[in-house]
Amino acid sequence: MATDFKSIPLIDISPLVEKGDDPNLAQDEGVAEVVRQLDRACREAGFFYVKGHGIRDSLLKDIRSVSRQFFHLPYEEKLKIKLSAATGYRGYQRVGENITKGVPDMHEAIDCYREVKPGMYGRLGEAMEGCNKWPSDPPNFKDLMEEYVNLCTDLSSKIMRGIALALGAPMDVFEGNRAGDPFWVLRVIGYPVVHHANGQEMPKTETDVGCGAHTDYGLLTLVNQDDDITALQVRNSNGEWISALPVPGTFVCNIGDMLKILTNGEYESTLHRVINNSPKYRVCVAYFYEPNFDAAIEPLDTCVQRTGGTKKFDSAVYGKHLVSKVLTNFVM
Ligand SMILES: N=C(N)NCCCC[C@H](N)C(=O)O
Ligand SMILES: O=C(O)CCC(=O)C(=O)O
Ligand SMILES: [Fe+2]
């Protein structure tokens with residue numbers, strides 16, 4: 001259950017990153033301390049920063065820098081990789097095209113997903129079938145992003161092993177048919193200085209929201225945000241919005257809906273939103289680590305036992321949850 005936290009904890013996960021592939025992970029004292037901190041952060045806030053994650057700071061910066069270069073291109077150029085139902089919802093969406101709870105979000109983005117080949121998941125996967133739409137400018141965009149996705153996938157699987165231990169479950173509880181073939185989502189997001197959306201002058205109002213309040217859909221999100229702009233806000237149990245201040249070199253991590261189900265609500269997917277009130281264009285690249293597309297997700301026995309013996313959530317197929325979200329995120 002989220003608490004009235006006032007700040008977001010920072011965890012040095014280097015022991016977990018170093019020993020992440022060791023079958024005796026659970027016996028290591030350094031790892032045990034990381035696991036305690038992960039458990040506490042997941043229970044109290046559902047949000048935490050990680051440092052000591054092993055991904056070089058220069059790559060985190062380059063990822064934001066090529067993203068900024070792309071968003072800086074003329075609108076017509078960005079439209080060359082436009083997202084639509086026909087692209088499997090992959091590609092570029094202009095400012096105001098993504099909708100959260102019925103309200104257009106003041107962000108533009110490129111959405112990318114793990115590849116879904118035709119027929120791979122039958123009817124369930126049809127909406128997501130397609131290949132990612134990469135811009136040709138900047139020229140190194142695709143290569144950098146693909147390297148980044150691989151590193152984030154590896155890192156997330158290690159953090160999920162830590163979370164498995166935090167729950168008193170076997171370290172591989174999120175592998176196999178739960179998330180052994182993790183679906184991933186990458187959102188390259190730009191939050192304009194709002195009076196300059198889509199190349200047009202627009203009045204900035206008090207209610208301009210970069211991304212409306214939502215929870216993420218899967219297991220774990222890794223947010224790589226600009227170092228010098230405060231815009232991401234996290235809601236605590238008092239209904240207060242706590243800013244996720246930039247901490248250079250870290251990821252902001254948060255729990256998604258599927259981990260809430262798996263833990264029978266011991267960990268929650270915390271509401272968050274983005275408001276860019278700064279005079280600068282903000283870039284964020286969010287990586288989402290999610291279950292297998294066709295995984296049927298239900299509460300883990302150890303969590304059910306600890307929470308009174310009753311399952312609080314019905315089983316949910318991750319791909320169905322994702323598709324229901326994606327289909328309502330756009331009006332086209
Ligand atoms: N893949 C993830 N988690 N994307 C988060 C986007 C949140 C905003 C979206 N319009 C919504 O309402 O969900
Ligand atoms: O821009 C951010 O800091 C977070 C974006 C976000 O919450 C999302 O895309 O799900
Ligand atoms: Fe989010």
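Atoms within each ligand, like the ligands themselves, are counted from 1 in listed order. Just the heavy atoms: all of them, side chains too, but no hydrogens, waters or symmetry mates, feed the values below.
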(message) Are the side chains of Leu186 and Val285 in contact, using a 4.5 Å heavy-atom criterion?
(response)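 In short, these two side chains touch, coming nearer than 4.5 Å.
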> What protein N, O or S atoms come within a distance below 2.8 Å of the Fe ion (ligand 3), ordered by chain and number?
Replying inline: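 Short answer, with waters excluded from the count: His214 NE2, Asp216 OD1, His272 NE2.
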One pair to check against side chain to side chain donor-acceptor pair (under 3.5 Å): Asp216 and His272. What are the steps and the verdict?
CA-CA 9 Å; Asp216 291 344; His272 53 285; 3.3 Å; yes
What's the shortest heavy-atom distance between [X] and [Y], and which atoms?
X	Y	answer
Val283	Ser67	CG1-CB, 3.8 Å
Tyr121	Asp181	OH-OD2, 4.2 Å
Pro192	Asn276	O-ND2, 3.7 Å

Sorted by chain and residue number, the residues with a non-hydrogen atom under 4.0 Å of ligand 1 are Asn98, Ile99, Thr100, Asp105, Arg187, Cys211, His214, Asp216, Tyr217, Phe288, Asn329
Would the distance check show the side chain of Glu129 and the main-chain N or O of Gly119 forming a donor-acceptor pair, the cut-off being under 3.5 Å?
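Checking the backbone N and O of Gly119 against the side chain of Glu129, a donor-acceptor pair under 3.5 Å is found.
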Carboxylate-amine/guanidinium contact Glu268 Lys312, below 4.0 Å: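 A salt bridge is absent here (no side-chain N lies under 4.0 Å from a carboxylate O).
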Grouping ILVMFWY residues whenever side-chain heavy atoms fall under 4.5 Å, the cluster of Tyr49 otherwise contains Phe5, Ile8, Leu10, Phe47, Ile189, Tyr191, Val223, Leu232, Val234, Ile242, Leu245, Val247, Val252, Val274
side-chain contact (heavy atoms from CB on, under 4.5 Å) test vs Phe313 passes for just one of Asp257, Asn264, Leu262, Thr263, namely Asn264
Exactly one of Val188, Ile110, Val66, Leu73 clears side-chain contact (heavy atoms from CB on, under 4.5 Å) with Pro135, and that residue is Ile110
Please work out which of the three classes, parallel, tilted or perpendicular, describes the rings of Tyr92 and Phe70, given edges at 30° and 60°.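 Phe70 vs Tyr92 ring planes: perpendicular.
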Donor-acceptor side-chain pairing of Ser269 and Tyr217 below 3.5 angstrom:
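Short answer, no.
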Which protein N or O atoms sit under 3.5 Å from any N or O of ligand 2? Give atom names and distances.
from     : atom 1 : to     : atom 2 : distance (Å)
ligand 2 : 1 (O)  : Tyr191 : OH     : 2.7
ligand 2 : 1 (O)  : Arg282 : NH1    : 2.9
ligand 2 : 3 (O)  : Arg282 : NH1    : 3.4
ligand 2 : 3 (O)  : Arg282 : NH2    : 2.8
ligand 2 : 7 (O)  : His214 : NE2    : 3.2
ligand 2 : 7 (O)  : His272 : NE2    : 3.1
ligand 2 : 10 (O) : His214 : NE2    : 3.1
ligand 2 : 10 (O) : Asp216 : OD1    : 3.1

Checking Arg282, Lys280, Arg64 against Asp226 for salt bridge (charged side-chain N to carboxylate O under 4.0 Å, His left out), the one that qualifies is Arg64
